[in-house]
K.L.:
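Quick one: this structure, given as C-alpha cells, is what I'll be asking you about.
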Amino acid sequence: MREIVTAALQMGPIQKAESRKDVVDRMIALLDQAKAAGATLAVFPELAFTTFFPRWYMEDPAEVDTWFETEIPSAETKPLFDRAREHGIGMYVGYAEKTQDGQQFNTSILTAPTGEIIGKYRKVHLPGHSEFDTERDFQHLEKRYFEPGDLGFPVWHSQGGVMGMCICNDRRWPETYRVMGLQGVEMVMLGYNTPAVNSQMSSEGPEDRLFHHRLSVQSGAYQNATWVIAVAKAGDEDGFPLIGGSLIVDPNGKIMAESKTLGDEILVHSCDLDLCTFGKETIFDFARHRRIEHYGLITERTGAEVPPE
Ligand code: CDT
C-alpha cells in the first residue's frame with residue numbers, strides 16, 4: 001500500500017470585503033484540523049485567498065491588482081505556508097498570479113511536506129468572456145483577467161506518488177486528465193468556484209451543476225485510473241451562490257467522501273495509490289489499447305466542423 005492521508009479543505013464563501021488575513025486565518029484553522037486527522041496532503045480551492053473576483057467587471061488596473069499575488073508566499077499568506085511546514089503537510093493552493101512582467105494567470109501550486117514549492121500549474125481552460133455581457137444574469141470575466149496557462153499539464157513526484165494539478169473548468173475536459181494520465185498520474189488535485197446557476201440559462205440550477213461536476217470528476221478518475229481530489233469554494237458570495245460538493249474520488253470513479261455543507265469543511269481519506277495499478281494495467285493500459293492513429297483531430301482541430309453531406 002502507498003497511502004497518502006489526504007484532506008480536501010472546502011472553504012465557505014469569501015465576501016468581497018473580507019481581508020486576506022481573515023481568509024488565511026480560516027485556512028490555518030482548516031490545516032490544523034487536517035493535521036489532527038493525520039493528513040500529509042491538504043487541497044484548497046481555486047482562488048483560495050479571495051472572493052471569486054472574476055464575477056466583478058473592473059476597468060481600473062489598480063483595482064484589478066488588489067486581487068493578485070505578486071509573490072508567493074507574500075507577507076500576508078506566509079503564515080499559512082509556515083503552518084503547513086510545521087505540520088509536515090503538503091498543499092495544493094489556488095491563487096491569482098501576477099508575474100514580474102505583468103502576466104496574469106489563474107494558478108495553483110503544490111508544496112512538499114517540507115514546505116518547498118515543488119510545482120506550479122496555470123489554468124488552461126478559461127471559461128467565460130472578456131467584456132461586460134448584458135445577456136448574462138451575472139458576469140464570468142476570467143478571459144478578461146487571465147491569460148491561458150502556458151505550462152501545460154505536468155506531473156510531479158511527491159509523497160511517493162505521481163501528482164497532477166488542474167483548476168475548475170479544466171475538470172470538464174477529458175484532455176486535461178488524459179495528458180496527465182499519459183504521464184502515469186496517480187492523484188489529480190483541483191480546486192473550483194462553480195456558480196450554482198448557469199448565468200446564460202437560469203433553469204440550470206445547483207442539482208444540474210452538481211451532476212455535471214460529479215460526472216466530470218468521476219469519469220476523469222475512472223478513465224485514467226487515478227485518484228481525483230476536487231475542492232470547492234462554496235456558498236453565497238455577496239449574493240452569488242457557488243456549489244459545494246467537494247469530492248474524493250478513487251481510481252474506479254467511486255466517491256469516497258463528499259462534503260455536506262456550503263461552509264468551511266474538511267474531508268479526509270487515506271488514498272492508496274496502489275489502487276491505481278489494476279486499471280492502469282488492464283482496461284486502461286494505454287500502451288496496449290490506445291489507437292493514436294485515429295486521434296489526430298484532437299490536436300489538429302479546435303472547434304467542431306460537420307463534414308459536408
Ligand atoms: N471557475 C470556473 O472555472 N468556473 C466554471 C464556470 C463555468 S460557467 C462560465 C466551471 O467550470 O465551474
Side-chain angles (χ1 to χ4, degrees), residues 8 10-14 16 43-58 64 67-69 92-97 104-108 121-149 151 153 165-177 188-221 228-247 249 258-259 262:
Q10 176 173 293
M11 295 177 69
I14 300 174
K16 211 178 171 191
V43 182
F44 283 107
E46 172 191 35
L47 301 176
F49 298 126
T50 65
T51 195
F52 187 69
F53 67 85
R55 71 169 65 88
W56 302 106
Y57 178 77
M58 294 173 274
V64 175
W67 302 106
F68 281 80
E69 310 295 320
Y92 165 111
V93 189
Y95 65 100
E97 175 192 11
Q104 296 178 175
F105 297 102
N106 188 339
T107 296
S108 61
Y121 169 73
R122 291 171 172 159
K123 185 174 183 176
V124 165
H125 300 101
L126 296 174
H129 49 110
S130 55
E131 296 303 328
F132 193 91
D133 184 349
T134 54
E135 301 292 308
R136 291 178 186 246
D137 292 341
F138 52 90
Q139 304 297 298
H140 195 111
L141 291 152
E142 287 195 58
K143 282 183 159 63
R144 181 177 187 83
Y145 301 125
F146 303 119
E147 293 177 40
L151 301 175
F153 294 100
M165 295 192 272
C166 64
I167 300 178
C168 195
N169 188 257
D170 287 322
R171 74 196 188 288
R172 305 185 192 277
W173 301 87
E175 295 87 348
T176 297
Y177 303 94
V188 174
M189 295 160 281
L190 69 97
Y192 59 95
N193 287 256
T194 296
V197 180
N198 188 325
S199 64
Q200 296 166 294
M201 189 168 64
S202 59
S203 59
E204 187 186 309
E207 285 312 312
D208 290 331
R209 290 255 145 163
L210 282 164
F211 169 71
H212 291 142
H213 157 64
R214 291 189 195 104
L215 187 67
S216 306
V217 170
Q218 290 180 256
S219 54
V228 182
I229 318 298
V231 182
K233 180 139 63 56
D236 190 310
E237 291 191 331
D238 297 290
F240 297 93
L242 299 166
I243 62 166
S246 299
L247 298 172
V249 176
E258 182 164 14
S259 63
L262 294 173

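Along the sequence shown, residues are numbered consecutively beginning with 1. Counting starts at 1 for both ligands and their atoms, in listed order. No hydrogens, no waters, no symmetry mates; every other heavy atom, side chains included, goes into these values.
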K.L.:
Students should be able to answer this: which protein heavy-atom is nearest to atom 6 (C) of ligand 1, and at what distance?
P.N.:
His140 CE1, 3.6 Å
K.L.:
Could you tell me whether Tyr192 approaches ligand 1 through its side chain, its backbone, both or neither, with non-hydrogen atoms closer than 4.0 Å?
P.N.:
neither
K.L.:
Are any of the side-chain heavy atoms of Lys143 and His129 separated by less than 4.5 Å?
P.N.:
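Lys143 does not reach His129 side chain to side chain.
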K.L.:
Give the atom numbers and elements of ligand 1 that come within less than 4.0 Å of a heavy atom of Phe52.
P.N.:
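Reading through ligand 1 atom by atom, the close ones are 1 (N).
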K.L.:
Return yes when His213 approaches ligand 1 closer than 4.0 angstrom through a heavy atom, no otherwise.
P.N.:
no
K.L.:
Under the rule for ring pair (Phe, Tyr, Trp, His ring centres under 6.0 Å), what residues qualify as partners of Tyr121, not counting sequence neighbours?
P.N.:
Phe153
K.L.:
Drop me the distance from Met58's CE to Gln139's CD, to the nearest 0.5 angstrom.
P.N.:
11.5 Å
K.L.:
I'd like to check which ligand 1 atoms, numbered from 1 as shown, lie under 4.0 Å from a non-hydrogen atom of Glu46.
P.N.:
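Listed by number with element, the hits are 1 (N).
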K.L.:
In terms of side-chain geometry, is the basic nitrogen of Arg209 or Glu204 positioned less than 4.0 Å from the acidic oxygen of its partner?
P.N.:
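Result for this pair is yes, salt bridge flagged.
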K.L.:
Please identify which atoms of ligand 1 are closer than 4.0 Å to at least one heavy atom of Glu142.
P.N.:
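It comes down to these atoms of ligand 1: 1 (N), 2 (C), 3 (O).
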K.L.:
For Phe52 and Tyr192, run ring pair (Phe, Tyr, Trp, His ring centres under 6.0 Å): C-alpha distance rounded to whole Å, both residues' side-chain angles, the deciding distance at 0.1 Å, then the answer.
P.N.:
CA-CA 10 Å; Phe52 187 69; Tyr192 59 95; over 10 Å; no
K.L.:
Got Leu242 and Phe240 here, is their nearest side-chain heavy-atom distance under 4.5 Å?
P.N.:
no
K.L.:
Could you walk me through whether Glu237 and Phe53 pass side-chain contact (heavy atoms from CB on, under 4.5 Å), step by step?
P.N.:
CA-CA 10 Å; Glu237 291 191 331; Phe53 67 85; over 6 Å; no
K.L.:
Identify the closest protein heavy atom to atom 2 (C) of ligand 1: which residue and atom is it, and at what distance?
P.N.:
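Nearest neighbour among protein heavy atoms for atom 2 (C) of ligand 1, to 0.1 Å: Cys168 SG, 2.8 Å.
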K.L.:
Given side chains that start at C-beta, do those of Thr51 and Asp238 come closer than 4.5 Å, heavy atoms only?
P.N.:
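In contact.
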K.L.:
What's the shortest distance from atom 11 (O) of ligand 1 to any protein heavy atom, and which residue and atom give it?
P.N.:
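Protein heavy atom with the smallest distance to atom 11 (O) of ligand 1: Arg172 NE, 2.7 Å.
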K.L.:
So, 4.0 Å and heavy atoms of His125: is ligand 1 close enough to count as a contact?
P.N.:
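Outside the 4.0 Å threshold, so no.
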K.L.:
Under 4.0 Å from a heavy atom of Arg171: which atoms of ligand 1 are those, numbered in the order shown and with their elements?
P.N.:
10 (C), 11 (O), 12 (O)
K.L.:
What protein heavy atom is closest to atom 12 (O) of ligand 1, reported as residue, atom name and distance in Å?
P.N.:
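Result: Thr194 OG1, 2.6 Å.
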K.L.:
Answer whether the closest heavy-atom distance between the side chains of Arg144 and Glu131 falls below 4.5 Å.
P.N.:
yes
K.L.:
Identify, for atom 8 (S) of ligand 1, the protein heavy atom at the shortest distance, and state residue, atom and that distance.
P.N.:
Arg209 NH1, 4.3 Å
K.L.:
Go through ligand 1 atom by atom and flag the ones less than 4.0 Å from a non-hydrogen atom of Asn193.
P.N.:
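Near Asn193, the atoms of ligand 1 are 1 (N), 2 (C), 4 (N).
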K.L.:
Tell me which protein heavy atom sits closest to atom 3 (O) of ligand 1, plus the residue, atom name and distance to 0.1 Å.
P.N.:
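Protein heavy atom at minimum distance: Lys123 NZ, 2.7 Å.
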K.L.:
Evaluate side-chain contact (heavy atoms from CB on, under 4.5 Å) for Ile229 paired with Tyr92, printing each intermediate quantity in order.
P.N.:
CA-CA 10 Å; Ile229 318 298; Tyr92 165 111; over 6 Å; no
K.L.:
Test your reading of the structure: does Arg136 have an N or O sitting under 3.5 Å from an N or O of ligand 1?
P.N.:
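Such a contact does not occur with ligand 1.
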